[in-house]
Amino acid sequence: RGVRISHRNFDQYLEVVAEAIHPRAYEGSVWTSSVAFDSSVAEVTYPVVHGGRIVVLEPAEMASAASLSRAFEDRDVTGFGCATALWSTWMKYVSERGEPIPRTLRHIDIGGSVADPALVQRWLELAGTDVRLMNRYGPTETTVTVTAHVVDADSRRGGTIPIGRPERGTEIRILDEAERRVPPGVEGEIWIGGGQVALGYLGTGDDQGGFQALAGAEGRWFRTGDRGVWGDDGEIRFRGRADDQVKVGGFRVELDEVRE
């Protein structure tokens with residue numbers, strides 16, 4: 001389904017992401033995602049609005065984890081945003097061979113599926129704090145991503161990598177089945193409100209699907225169908241789906257639609 005995103009939605013997204021990303025990431029920001037993936041728009045727009053440089057990789061450079069590593073060095077890539085699945089494949093290659101993290105990198109954004117804590121630990125061993133790794137979360141319906149977690153030595157403490165805190169302009173509530181807030185440590189469904197909630201789906205009204213009002217809250221909200229839990233540290237940890245939707249290579253697949 002196509003999602004109707006306004007200029008205002010995307011403007012807010014670019015502003016809050018710019019506040020978190022390493023300033024040198026724009027000097028050579030690589031474009032890795034298919035145009036069918038929402039983050040591809042951000043990969044193109046990030047560097048353009050900040051006077052940076054987009055690095056468009058050749059198919060041969062994207063053919064394997066080894067060629068990707070070489071391309072980072074050869075093309076002076078400083079910023080890398082991608083699906084967690086791609087980062088995981090690349091990290092497995094780097095980890096198994098004990099290769100150093102490319103010297104040019106300054107910032108990596110990942111998101112779209114759950115990050116493997118073991119790979120995150122290996123990342124910390126290889127990269128330390130020299131390269132910022134940020135785990136992001138957000139459905140397309142809320143303009144790419146709405147939370148962020150900077151990976152550090154404490155990230156594995158809860159057994160899973162946090163998806164972070166809501167970024168500026170976004171409100172997140174974790175609710176039970178009666179749409180009541182749950183306390184930290186109690187699992188519930190993630191609802192998202194704020195300036196990044198999209199206009200709706202193409203060809204439908206504004207309140208179709210998960211787009212709806214929330215009692216006692218201002219504005220329109222998006223009911224994600226994702227399960228999550230607040231930690232005592234104020235960060236959210238992902239706990240799976242409330243339905244049987246799955247992720248394949250970062251793309252959402254509705255199993256009911258496959259069965260049909």
Side-chain angles (χ1 to χ4, degrees), residues 1-20 37-39 41-42 109 111-114 134-149 160 162-247 250-254 256-257:
R1 287 184 290 192
V3 176
R4 294 186 290 131
I5 291 174
S6 70
H7 286 98
R8 181 172 294 177
N9 292 149
F10 202 69
D11 183 60
Q12 176 170 313
Y13 168 67
L14 289 175
E15 284 187 8
V16 297
V17 169
E19 294 168 3
F37 198 45
D38 59 0
S39 67
V41 181
D109 268 354
S113 56
V114 177
M134 189 167 283
N135 191 34
R136 293 184 172 276
Y137 163 82
T140 302
E141 290 88 344
T142 57
T143 318
V144 191
T145 62
V146 289
T147 73
H149 168 76
T160 58
I163 57 176
R165 295 177 171 84
E167 296 192 281
R168 180 174 57 79
T170 289
E171 182 180 357
I172 289 182
R173 297 188 183 184
I174 299 181
L175 308 177
D176 63 16
E177 293 180 356
E179 299 181 7
R180 298 171 300 196
R181 298 194 202 212
V182 298
V186 176
E187 186 178 306
E189 185 173 357
I190 298 173
W191 289 63
I192 302 172
Q196 287 182 221
V197 176
L199 302 176
Y201 295 112
L202 285 173
T204 68
D206 288 348
D207 294 317
Q208 297 293 316
F211 295 100
Q212 54 192 268
L214 178 59
E218 295 182 359
R220 292 171 60 255
W221 288 66
F222 182 69
R223 183 176 186 174
T224 66
D226 291 332
R227 308 287 292 178
V229 59
W230 289 106
D232 292 334
D233 56 3
E235 300 221 344
I236 302 169
R237 283 178 165 78
F238 181 75
R239 290 288 188 262
R241 289 287 301 174
D243 55 22
D244 61 357
Q245 182 190 96
V246 297
K247 280 287 185 74
F251 291 91
R252 291 182 285 182
V253 177
E254 303 286 352
D256 285 345
E257 295 179 4

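Along the sequence shown, residues are numbered consecutively beginning with 1. Only heavy atoms go into these numbers, but all of them, side chains included; no hydrogens, no water, no symmetry mates.
No option in Glu171, Arg181, Gln212 other than Gln212 meets the side chain to side chain contact (heavy atoms under 4.5 Å, CB included) test with Trp191. Looking at Arg173, Arg223, Arg239 one by one, the single match for side-chain hydrogen bond (donor to acceptor under 3.5 Å, both in side chains) with Glu189 turns out to be Arg223.
With sequence neighbours left out, the side-chain hydrogen bond (donor to acceptor under 3.5 Å, both in side chains) criterion links Ser39 to Ser33, Glu43. Val41 meets the side-chain contact (heavy atoms from CB on, under 4.5 Å) test with Phe10, Thr45; sequence neighbours excluded. Thr170 is linked by a side-chain contact (heavy atoms from CB on, under 4.5 Å) to Gln12, Val146, Pro166, Ile172, Ile192, Gln196, counting only residues two or more places apart in sequence or in another chain. Glu19 meets the side-chain hydrogen bond (donor to acceptor under 3.5 Å, both in side chains) test with Arg168; sequence neighbours excluded. Applying the side-chain hydrogen bond (donor to acceptor under 3.5 Å, both in side chains) rule to Asp109 yields the partners His107, Arg136; only residues at least two apart in sequence or on another chain are considered. For Asp176, the side-chain hydrogen bond (donor to acceptor under 3.5 Å, both in side chains) criterion is met by Arg180, not counting sequence neighbours.
Here CG of Asp38 is found 9.0 Å from OG1 of Thr143. Values are rounded to the nearest 0.5 Å. Interatomic distance, CZ of Phe211 versus OG1 of Thr142, reported as 8.0 Å (0.5 Å rounding). Within the model, atoms CZ of Arg237 and CD1 of Ile163 stand 10.0 Å from one another, a figure rounded to the nearest 0.5 Å. Interatomic distance, Tyr137 OH to Thr145 OG1, rounded to the nearest 0.5 Å: 11.0 Å. Rounded to the nearest 0.5 angstrom, Phe238 CZ and Thr160 OG1 are separated by 10.0 Å. Rounding to the nearest 0.5 Å gives a distance of 13.0 Å between CG of Asp11 and CD1 of Ile5.
A pairwise comparison of heavy atoms in Gly200 and Arg220 identifies N-NH2, 4.2 Å as the closest pair. Across Gly219 and Trp221, no two heavy atoms sit closer than the pair O-CD1, 3.4 Å. The two residues Ala20 and Glu167 have their closest heavy-atom pair at CB-OE2, 4.2 Å. The heavy-atom pair separating Pro162 from Asn135 by the smallest distance is O-ND2, 2.9 Å. Of all the heavy atoms in Pro184 and Gly231, the pair that sits closest is CB-O, 4.3 Å. The minimum heavy-atom distance between Gly228 and Ile174, with the atom names listed, is O-CG2, 3.5 Å.
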Go through the steps for Leu214 and Leu175 under the test side-chain contact (heavy atoms from CB on, under 4.5 Å), then give the verdict.
CA-CA 11 Å; Leu214 178 59; Leu175 308 177; 3.8 Å; yes

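With 3.5 Å as the limit, one finds a donor-acceptor pair spanning the side chains of Glu141 and Tyr201.
Formation of a donor-acceptor pair under 3.5 Å by the Arg165 side chain with backbone atoms of Asp233 is found in this model.
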